[in-house]
Protein chains: 2
Amino acid sequence: MDSLLKRINLEIAAIGGKRSRSRAQVIEVFFRTGPHATLEDLTHAVRKRNRSVGYATVYRTMKLLAKLGYAKELDFGDGPKRYESNLESHHDHLVCQECGLVSEFQEPRIESLQEQVAKQHGFLPTMHRLDIYGLCRQCALAGKKEN
Amino acid sequence: MDSLLKRINLEIAAIGGKRSRSRAQVIEVFFRTGPHATLEDLTHAVRKRNRSVGYATVYRTMKLLAKLGYAKELDFGDGPKRYESNLESHHDHLVCQECGLVSEFQEPRIESLQEQVAKQHGFLPTMHRLDIYGLCRQCALAGKKEN
DNA sequence: CTATACTATGATAATGATTTTCAAATTCAC
DNA sequence: GTGAATTTGAAAATCATTATCATAGTATAG
Ligand SMILES: [Mn+2]
Ligand SMILES: [Mn+2]
Ligand SMILES: [Zn+2]
Ligand SMILES: [Zn+2]
């Protein structure tokens with residue numbers, strides 16, 4: 001974690017930035033917090049440590065992390081964007097429309113088929129987003145019982 | 001087209017709604033317009049026929065069509081939502097980050113792998129969204145020439 | 001250490017898109 | 001037609017994101 005922060009600060013310096021306490025706190029909270037957190041989630045979490053950190057700083061820090069490739073912005077179509085670490089390996093998402101639960105999966109065969117599709121279209125892919133919406137196990141069972 | 005409108009009006013009546021001229025015009029324009037249109041696009045198109053139709057009516061009509069399953073809302077992460085007919089067969093999208101071109105593809109093997117993934121997680125899927133972002137053929141070639 | 005030149009910050013305002021409100025118009029069953 | 005209902009257009013409200021700006025903090029040179 002400390003070495004990660006150091007590495008990030010180096011990259012920030014490399015593009016003409018300076019370090020800052022607030023930003024370091026945001027970064028640390030982000031990597032310690034569970035995945036799929038909103039800016040509001042992160043702001044609250046940071047403020048537990050340092051009451052004076054503003055929403056704008058969280059916003060700017062997350063944009064910065066996204067630009068540097070350390071964070072990913074997710075949008076599940078409902079409320080505000082969510083953020084997750086980009087250090088873990090790539091995965092896609094199952095989103096429960098009932099309870100909001102977001103779970104993750106990897107399926108290399110889907111990934112490679114996507115590459116094929118892109119190639120067939122002369123398309124140069126840089127990223128993709130695959131979200132499957134529906135009912136998680138819990139909510140699916142709850143729904144069945146009702147009938 | 002006329003029979004489609006009739007069918008939709010029946011469904012509207014079934015949920016306690018009434019018909020209306022403006023709404024019929026919006027619906028007709030929607031199904032005649034190319035895919036991936038924004039509310040603004042649709043509003044402009046409708047107004048060419050009937051100056052007095054308001055944005056709110058287009059908004060409400062598209063929400064209604066989406067609820068009834070005739071339209072799909074798309075969000076490619078940049079500007080406003082886009083709408084497409086849900087009468088055609090299912091497909092996913094390739095979105096060019098340079099010129100905005102949106103093209104479509106079908107890949108049954110991806111579809112069935114998604115089913116498998118969902119099943120493995122005890123997840124009951126209702127829909128999914130797969131968008132591949134990158135450079136379309138044109139923009140990819142233009143980019144190469146620059147180097 | 002101090003001055004100075006810069007970046008980062010927090011509060012607030014601006015923006016952009018979506019959604020709601022409300023009085024007036026339209027539809028429809030009687 | 002009449003009356004109870006839904007629908008409408010314009011405008012306002014909401015919501016998330018992004019920009020602005022005066023102040024605070026950071027790095028660097030002397
Ligand atoms: Mn995830
Ligand atoms: Mn499409
Ligand atoms: Zn659930
Ligand atoms: Zn392109």
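All chains are named by letter (A, B, ...) in the order of the sequence lines, taking the proteins before the strands, and each is independently numbered beginning at 1.
- Of the candidates C/dA17, D/dA10, D/dT7, D/dA10 carries the atom nearest the B/R60 side chain, counting heavy atoms from C-beta on.
- If you measure from atom CG of B/L64 to atom P of C/dT19, you get 14 Å, rounded to the nearest angstrom.
- Of the side-chain N and O atoms in A/S20, none sit less than 4.0 angstrom from OP1 or OP2 of C/dT7.
- Here A/L94 contributes atom CG and B/Q120 contributes atom CD; the two are 10.0 Å apart, rounded to the nearest 0.5 Å.
- The side chain of B/Y59 places an N or O atom within less than 4.0 Å of a non-bridging phosphate oxygen (OP1 or OP2) of C/dT19.
- Counting only distance, with no hydrogens or angles, the side chain of B/Q106 and the backbone of B/H90 share a donor-acceptor pair below 3.5 Å.
- Here the side chain of A/A56 is nearest to one of C/dT19, D/dT17, C/dA11, namely C/dA11.
- Annotation: of the two residues near DNA chain C, A/G16 and A/S52, the 5′-most nearest-nucleotide partner is A/G16.
- The distance from atom NZ of B/K63 to atom P of C/dT18 is 8 Å, rounded to the nearest whole Å.
- The separation between B/N50 atom CG and D/dT7 atom P is 17 Å, rounded to whole Å.
- Between the side chain of B/K18 and the base of C/dT27 there is at least one donor-acceptor pair of N/O atoms closer than 3.5 Å.
- Aromatic ring centres of B/H93 and A/H128 lie farther apart than the 6.0 Å criterion allows.
- For the pair B/Y55 OH and D/dA13 P, the interatomic distance rounds to 18 Å; values are reported in whole Å.
- Although no hydrogens or angles enter the test, the distance criterion places a donor-acceptor pair under 3.5 Å between the side chain of B/H91 and the main chain of B/S89.
- Rounded to a whole Å, the CZ atom of B/F76 is 16 Å from the P atom of C/dA17.
- For the pair B/G54 and A/R19, both in contact range of DNA chain D, the more 5′-proximal nearest nucleotide belongs to B/G54.
- Using a 4.0 Å heavy-atom criterion, one finds that A/G79 contacts no nucleic acid atom at all.
- With hydrogens and angles disregarded, no donor-acceptor distance shorter than 3.5 Å links the side chain of A/R82 to the backbone of A/E73.
- For CD of B/Q138, the number of neighbouring non-hydrogen atoms (other residues, nucleotides, ligands) closer than 6.0 Å is 12 at most.
- Rounded to an integer number of Å, the gap from CD1 of B/I15 to C1' of D/dA5 is 15 Å.
- Atom-to-atom, CG of B/N9 to P of D/dT7 comes out at 11 Å; the value is rounded to the nearest Å.
- A heavy atom closer than 4.0 Å to some atom of DNA chain D occurs in B/S22, B/R23, these being the qualifying members of residues 22-45 of chain B.
- Remark: A/K81 is not in phosphate contact with D/dA16, judged by side-chain N or O atoms under 4.0 Å from OP1 or OP2.
- Per the geometry, CE belonging to A/M62 stands 14 Å off P belonging to C/dT9, to the nearest Å.
- Summarising the geometry, atom CG belonging to A/D92 is positioned 10.0 Å from atom CD belonging to A/E107; distances are rounded to the nearest 0.5 Å.
- Picking from C/dT19, D/dT7, D/dA10 the nucleotide with the shortest atom distance to the side chain of B/I12 gives D/dT7.
- A donor-acceptor pair under 3.5 Å links the side-chain atoms of B/D41 to the main chain of B/T38, judged by distance alone.
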